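This report concerns only the one structure given below.
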Amino acid sequence: RGVALVGDAASQVMPLSGSGTGLSAHAALLLAPAMVRYVRSGNAADLWEYSRAYHAAVGAEQLRQDLVTRMARTLPAARIQQFADLGILQIDDFRRIQAEGCMIPKKLLTRAQVSRVPGLPRVLDLAPRAASVAASFLAAELLYRNYPKDPSGIVRWSGKLRHLLS
């Protein structure tokens, strides 16, 4: 009667690390009870709950990582290294991204700390772009908080997602 996707087939990977094993296992745990309910009831709405639960758990983080990845693709490697050299991005954060699939640093630099970063003026030209990505992070969170309650809202929601990505 239908198909339920998990893992790579459902694009359940973290954009920065390419890791999907943990997400696939998490998705399978969410899908199993939804499938049992669906088989018993025949009601497709039971499967929609799987989609809602998955997106509520990791959708916003996947989108934030995708936004960062899209911005980073436009930067030369030397520029990314410059951020790391200045202490704005920490190499440990990238290692943690690989290990945990988490994008947002656990400890962000405060405004006072950023103002003391030597050489910061060399990268300030990226501030508007970084601010735009930060605003997109908030928009991603709000978008996923308002994930449709049923399939009838997905077209409108997807339009908002495309707008955010453009």
Side-chain angles (χ1 to χ4, degrees), residues 1-75 80 83 88-110 126 128-166:
R1 288 197 219 172
V3 175
L5 302 174
V6 296
D8 290 352
S11 297
Q12 293 171 332
V13 297
M14 286 298 185
L16 287 173
S17 66
S19 173
T21 306
L23 290 178
S24 297
H26 179 71
L29 289 173
L30 294 172
L31 178 59
M35 287 296 292
V36 168
R37 285 191 303 275
Y38 172 69
V39 168
R40 288 181 180 157
S41 72
N43 184 353
D46 291 329
L47 294 177
W48 188 255
E49 286 308 311
Y50 154 66
S51 181
R52 283 182 48 80
Y54 178 82
H55 288 294
V58 297
E61 179 63 22
Q62 283 182 301
L63 181 54
R64 284 190 295 264
Q65 287 192 24
D66 186 54
L67 292 166
V68 169
T69 301
R70 288 168 185 254
M71 184 188 82
R73 283 186 198 140
T74 67
L75 299 175
I80 294 171
F83 276 100
I88 296 169
L89 296 175
Q90 303 295 323
I91 297 301
D92 287 346
D93 288 332
F94 288 106
R95 288 189 187 117
R96 186 170 38 74
I97 289 165
Q98 291 294 324
E100 301 172 18
C102 179
M103 171 51 215
I104 307 302
K106 291 194 177 11
K107 180 181 177 193
L108 297 173
L109 294 176
T110 66
L126 288 178
R129 202 139 125 217
S132 174
V133 170
S136 296
F137 281 11
L138 177 58
E141 188 68 35
L142 292 173
L143 184 65
Y144 277 91
R145 280 188 192 165
N146 293 301
Y147 192 78
K149 292 182 180 15
D150 60 62
S152 67
I154 196 65
V155 172
R156 184 168 184 236
W157 184 89
S158 295
K160 292 177 182 181
L161 175 62
R162 279 191 298 282
H163 178 73
L164 181 60
L165 292 172
S166 63

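Being a predicted model, the structure only gives us computed values, none of them experimental.
Residues Gly20 and Val13 share a closest heavy-atom pair of CA-CG1, 4.0 Å. When all heavy atoms of Arg64 and Ala140 are compared, the pair lying nearest together is CG-CB, 4.3 Å. Heavy atoms only, all atoms of each residue included: Arg52 and Lys149 are closest at NH1-CA, 3.4 Å. For Ser136 against Leu67, the heavy-atom pair with the smallest separation is CB-CD1, 3.5 Å. Across every non-hydrogen atom of Gly7 and Gln12, the tightest pair is N-OE1, 2.6 Å.
Side-chain atoms of Val58 and Tyr144, non-hydrogen and from C-beta on, never get closer than 4.5 Å to each other. Side-chain contact between Leu165 and Asp66: present, with at least one pair of heavy atoms (C-beta onward) separated by less than 4.5 Å. Tyr54 has its side chain within reach of Gln62: a pair of non-hydrogen atoms, C-beta onward, lies under 4.5 Å apart. Considering only heavy atoms from C-beta on, Lys160 stays 4.5 Å or farther from Asn146 through its side chain.
Note: His55 NE2 to Leu30 CG = 11.0 Å, rounded to the nearest 0.5 Å. To the nearest 0.5 angstrom, Ser41 atom OG is 8.0 Å from Leu47 atom CG. Here Ser24 contributes atom OG and Leu5 contributes atom CG; the two are 11.0 Å apart, rounded to the nearest 0.5 Å. The distance from the CE atom of Met35 to the CZ atom of Arg40 is 12.5 Å, given to the nearest 0.5 Å. Atom-to-atom distance recorded for Arg156:CZ and Leu161:CG is 14.0 Å, nearest 0.5 angstrom.
Ring geometry, Tyr147 versus Trp48: the interplanar angle falls under 30°, so the pair is classed parallel (tilted spans 30 to 60°).
In this structure, Ser166 contributes its side chain and His163 its backbone to a donor-acceptor pair below 3.5 Å.
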